[in-house]
Amino acid sequence: MLVLCFYTQRGASSTRFSSWLMQPLVLLLFVLSVARGQVRYSIPEEMTKGSLVGNIVQDLGLDVKRLKSGRARIFTEDSREYIGLNVDKGTLVVKERIDREELCAQVSPCSLHFQIILENPMELHRIDVEILDINDHAPSFMNKEISFQIIESALSGARYSIDSANDPDVGLNSLQTYRLNPNDHFVLKTLSHTDGTKYVEMVLQTPLDREKQEEYNLILTAFDGGTPQKTGTVKINVIVLDANDNAPVFSPSVYTALVAENAPVGSLVLKISATDADQGTNKQVSYSFSQISKNILNSFSIDSSNGDITVNGPLDFEKSKKYELNVVATDNGGLTDTAKVMVEITDVNDNAPVINVISFSNPLPENSVPETVIAMLNVKDFDSGKNGQVSCLINLSLPFKIRQSSSNFYSLITDQLLDREKISEYNITITAIDEGSPSFSTNKTLTLKISDVNDNAPVFQRQSYTAYVMENNSPGVSVLSVKAHDKDSGNNARISYFLEDIIVNGVSASTFISVNAESGEILAVRSFDYEQTKEFIIRVKAQDGGNPPLSSNVSVKIMIQDQNDNAPQVLYPVQSGASVVAEIVPRSADVGYLVTKVVAVDVDSGQNAWLSYKLQKATDRALFEVGLQNGEIRTVRQVTDKDAVKQRLTVVVEDNGQPSRSATVNVNVAVADSFPEVLSEFTDFTHDKDYNDNLTFYLVLALAVVSFLFIVSIIAILSVKCYRWRRERMFYKSGANLPVIPYYPPLYADVGGTGTLQHVYNYEVCRTTDSRKSDLKYGRPCSESIISLDSSGTQTLTHAQRGKLNIDDSFDQQKPPNADWRFTQNQRPGPSGAAATPEVAVGTGPWPNPPTEAEQLQALMAAANEVSEATNTLGPGTMGLSTRYNPQFTLQHVPDYRQNVYIPGSTATLTSSQQQAQQALPPQQAAIAAAAAQPEPPKAAQTPASKKKPTKKEKK
């Protein structure tokens with residue numbers, strides 16, 4: 001096939017058109033020059049791979065060498081190559097399986113077209129291979145089974161089309177004939193379509209009868225013309241449909257039945273049935289009454305679908321003893337048959353006793369006495385004779401009985417005492433039985449509820465309770481929840497809990513504990529302290545809501561658990577800043593020499609009070625050790641002459657609580673053989689070298705800080721005065737004559753809340769002649785804000801006005817109250833040497849009026865004199881050395897902490913005097929006074945030995 005394509009373009013030059021025309025012409029001449037021969041072969045389909053198709057060397061007159069030199073190859077337009085070229089032999093062979101039906105279907109003849117191409121010179125040979133059909137397919141039907149539904153009344157000659165069989169082969173190998181077996185009622189008629197394909201029709205030859213045979217199974221066979229001949233079959237099922245050609249038939253035609261007069265409505269009297277030889281809907285029969293009176297319709301009914309005759313109303317033997325019913329059976333085609341039903345009524349005891357409740361007392365109190373009437377009953381039976389005689393009875397296990405009061409009247413009464421807590425409700429079944437045969441009985445159930453009476457007191461779940469509370473608890477914490485239950489119900493079981501007012505440790509129990517009246521939860525009113533109260537017992541009362549109420553109580557033991565909230569207290573040696581206590585160790589002391597014993601106690605209990613002693617710091621750690629459990633300080637080695645006379649030990653006393661608490665004590669030890677040698681070094685015991693070296697540094701630092709604060713204060717005062725002077729000049733220029741407001745010193749109150757007034761309010765009233773308005777301010781405590789109000793009460797100042805006014809008056813705010821008149825913590829009663837608590841601010845009070853420079857200088861000199869007097873009057877506040885080593889001194893001299901006895905100490909209030917002096921000064925001058933009033937360490941009394949041998953520090 002040669003395809004020539006021409007492309008033209010309007011407006012192109014003639015030269016371009018000529019070039020496009022020459023290209024296909026040259027190609028045509030080339031093909032004609034190389035095409036020399038054409039060979040045609042015929043082969044059957046389904047040949048095996050490698051089968052010989054033909055010898056092209058002989059058929060085309062070529063040489064095998066020419067095939068090799070020309071690189072002979074096959075070109076096909078199809079993507080699959082069914083035929084291959086064997087260049088070595090010059091033959092064509094089958095390369096793939098060839099299925100004619102797959103390649104060409106029903107097209108005949110079926111051929112393969114391809115070309116053999118040779119090069120040098122170019123040659124093209126066309127090869128046609130015709131594929132011949134073989135009988136490799138049998139006729140087949142699309143469905144394996146075909147069903148027809150034919151009504152039995154179908155006429156002869158009716159036609160039924162059958163799908164034709166399919167045979168992919170062609171020619172004689174294709175489908176040729178059909179055959180039907182058996183063919184008693186049907187024959188086949190073969191027809192052809194316009195395209196030559198054949199199909200068949202099944203024609204009804206004789207009528208069908210479903211009552212004789214309901215289904216026919218036929219076999220249709222298709223034959224082809226191949227050799228050997230192949231066939232295909234299909235199964236044909238002919239189902240004969242029923243036609244309504246049979247009427248229903250009763251057997252027998254007369255029915256009889258016996259029915260008791262007490263038969264309930266709906267009970268079955270008789271079941272009738274009619275048969276129909278037809279099938280399906282034609283066989284369905286419906287039943288109905290015919291020629292029947294209204295009385296029969298009220299007494300009986302018939303089910304139209306199954307023929308059940310049932311009782312439709314009450315039957316009475318005395319009114320009618322026999323009934324005659326006419327029944328008609330009809331199928332869907334309208335064919336009918338009739339039958340008679342004879343029903344006879346029998347007399348029986350068909351009336352049961354009837355129980356009527358005349359009165360019923362419900363609920364019944366549980367404290368009702370026996371023989372209390374609960375209900376009145378009327379029992380009757382509509383039968384006569386024995387069938388109408390009735391007797392009543394109840395269950396004997398119930399605490400009730402029934403008694404006949406008169407004819408047909410009965411009383412239900414109590415037989416014993418009732419208890420609602422055991423059984424709160426009774427189902428009383430009263431049975432009435434007649435004497436008929438068989439007898440009838442009637443049951444009547446009365447539900448009797450027993451009402452509650454408050455006859456049970458609340459009962460606690462336990463006889464006593466024990467609760468454990470950790471000390472230092474938060475007020476309001478839940479300690480324990482007690483629970484009581486009451487067997488009664490309603491308000492009688494509603495329990496309220498109360499705390500009995502008993503005395504615990506001399507006070508009412510309500511000061512320790514409160515009880516939730518609803519839930520019984522016990523709450524702590526305050527925080528407990530184990531050291532004051534270790535346990536106490538309260539009583540909780542549970543009271544119900546009955547009338548009169550019943551109650552019970554229970555004891556609750558509250559155990560306070562210890563918490564490690566107390567640090568150890570060192571009883572010995574006594575720590576005092578006024579005098580020095582030193583332990584003397586002779587230089588001849590051996591290893592294990594008892595220097596002293598640190599005595600400490602912890603008011604906690606248990607492991608929180610287990611104390612251990614450790615040596616924290618020591619001048620010479622290799623010389624002393626501390627007993628871990630007993631606190632004894634002993635020498636570890638032999639004392640030598642090289643050991644320093646002054647030895648300072650720091651002992652840590654730590655308890656075993658979680659977390660643990662500790663206390664430290666400094667022990668001064670003098671290593672000397674004589675008392676004068678100790679006195680020569682006595683003045684240096686309270687000051688070590690580091691303290692003396694750092695003292696000068698701290699004094700210089702304090703002086704620099706005070707000087708800086710003084711300069712800042714002077715600058716601030718000058719700035720304030722300058723600002724006030726400028727503001728006054730501004731007011732004078734505006735022509736305002738401001739009134740002179742006298743200055744009143746601020747009120748003073750106890751910050752700790754011990755005074756009468758807990759808050760101080762400072763009122764300032766500023767009025768100007770320009771604005772005609774007033775500004776009222778009052779200073780609140782630190783947690784409150786400043787409120788600006790209009791004195792006329794009609795409006796308030798704007799935010800901008802308030803901000804401006806607050807800036808202008810920032811230097812006129814209320815000063816903190818002066819606390820000079822109050823006692824410090826050191827001046828209050830208590831153990832000596834107690835430090836001031838952080839809650840009391842010391843030295844923060846300002847002057848009531850701004851002091852002059854002369855007043856400030858005078859106050860500074862007074863403070864210095866007080867410090868000097870306090871230093872001169874300072875005396876020894878602890879046991880001296882002679883007392884320490886008195887043979888009569890024992891541990892009995894150690895005070896008992898349980899009796900609140902404190903070890904005597906220094907009664908001097910040197911620190912307190914300094915603070916009072918500083919409180920009398922402004923802040924910057926108070927700091928100068930504090931630095932100037934720093935006391936020197938107390939010196940020991942002069943002895944002859946000390947006068948002869950002064951220390952280096954005294955010379956300085």
Side-chain angles (χ1 to χ4, degrees), residues 99-102 104-108 133-248 275-284 331-335:
D99 188 356
R100 193 204 67 80
E101 289 76 21
E102 181 181 353
C104 303
Q106 296 296 324
V107 177
S108 182
D133 182 50
I134 62 174
N135 192 18
D136 56 345
H137 293 87
S140 62
F141 292 91
M142 183 178 298
N143 298 318
K144 298 296 183 182
E145 185 174 347
I146 301 175
S147 297
F148 290 99
Q149 292 182 352
I150 303 175
I151 191 168
E152 61 177 336
S153 60
L155 301 177
S156 299
R159 295 184 178 186
Y160 304 96
S161 179
I162 301 176
D163 295 336
S164 60
N166 180 30
D167 193 340
D169 296 329
V170 296
L172 293 176
N173 296 328
S174 63
L175 178 65
Q176 299 297 323
T177 60
Y178 293 92
R179 183 184 301 168
L180 182 64
N181 187 32
N183 55 359
D184 297 337
H185 296 276
F186 299 93
V187 294
L188 287 178
K189 186 176 181 180
T190 304
L191 302 175
S192 298
H193 291 289
T194 56
D195 57 355
T197 58
K198 297 178 181 181
Y199 67 97
V200 293
E201 289 182 351
M202 188 172 62
V203 181
L204 179 62
Q205 188 175 7
T206 59
L208 303 175
D209 188 358
R210 189 202 62 79
E211 285 73 25
K212 293 181 179 180
Q213 187 174 353
E214 296 182 357
E215 185 176 357
Y216 296 90
N217 296 322
L218 308 178
I219 302 297
L220 178 62
T221 305
F223 298 90
D224 62 9
T227 301
Q229 190 180 39
K230 293 187 177 183
T231 61
T233 60
V234 61
K235 183 179 179 182
I236 300 176
N237 295 327
V238 178
I239 299 174
V240 182
L241 301 179
D242 182 56
N244 190 24
D245 53 353
N246 295 280
T275 60
D276 194 325
D278 294 328
Q279 190 181 25
T281 58
N282 297 326
K283 190 177 182 178
Q284 294 178 358
D331 63 10
N332 288 340
L335 302 178

If you define the side chain from C-beta out and look only at heavy atoms, does anything of [X] sit under 4.5 Å from [Y]?
{"X": "K235", "Y": "I219", "result": "yes"}
{"X": "L335", "Y": "P248", "result": "yes"}
{"X": "T177", "Y": "T190", "result": "no"}
{"X": "E101", "Y": "D136", "result": "yes"}
{"X": "L241", "Y": "R210", "result": "no"}
{"X": "E211", "Y": "D278", "result": "yes"}

Exercise. Heavy-atom count around L191 CG within 6.0 Å, excluding the residue itself: above 12?
Worked result: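 Count over threshold, so yes.
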Report yes or no: does [X] contribute a side-chain atom to a donor-acceptor pair with the main-chain N or O of [Y] at less than 3.5 Å?
{"X": "Q205", "Y": "V187", "result": "no"}
{"X": "Y178", "Y": "A165", "result": "yes"}
{"X": "R179", "Y": "L220", "result": "no"}
{"X": "Q176", "Y": "S174", "result": "yes"}
{"X": "D224", "Y": "K230", "result": "yes"}

Shortest non-hydrogen contact between [X] and [Y], atoms and distance:
{"X": "N173", "Y": "G226", "answer": "OD1-CA, 3.3 Å"}
{"X": "A154", "Y": "I150", "answer": "CB-CG2, 3.8 Å"}
{"X": "N282", "Y": "N332", "answer": "N-ND2, 4.4 Å"}

Rounded distance [0.5 Å steps], [atom1] in [X] versus [atom2] in [Y]:
{"X": "N246", "Y": "D331", "atom1": "CG", "atom2": "CG", "answer": "9.0 Å"}
{"X": "D276", "Y": "D242", "atom1": "CG", "atom2": "CG", "answer": "8.0 Å"}
{"X": "L204", "Y": "R159", "atom1": "CG", "atom2": "CZ", "answer": "12.5 Å"}
{"X": "T231", "Y": "L175", "atom1": "OG1", "atom2": "CG", "answer": "11.0 Å"}
{"X": "Q149", "Y": "I151", "atom1": "CD", "atom2": "CD1", "answer": "10.5 Å"}
{"X": "Q213", "Y": "L208", "atom1": "CD", "atom2": "CG", "answer": "8.5 Å"}

Exercise. Would M202 and L218 count as a side-chain contact (heavy atoms from CB on, under 4.5 Å) if you check the C-alpha gap in whole Å, the side-chain angles of each, and the deciding distance to 0.1 Å?
Worked result: CA-CA 11 Å; M202 188 172 62; L218 308 178; 3.8 Å; yes
For this session: Can you sort out the partners of H137 under ring-ring contact (aromatic ring centres under 6.0 Å, His included), two or more places apart, ordered by chain and number?
Result: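 By the ring-ring contact (aromatic ring centres under 6.0 Å, His included) rule, H137 matches no residue at all.
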Exercise. Hey, mind stepping through V238 and Y160 against side-chain contact (heavy atoms from CB on, under 4.5 Å) and telling me if it holds?
Worked result: CA-CA 11 Å; V238 178; Y160 304 96; over 6 Å; no
Exercise. How are the rings of F186 and Y216 set relative to one another: parallel (under 30°), tilted (30 to 60°) or perpendicular (over 60°)?
Worked result: perpendicular
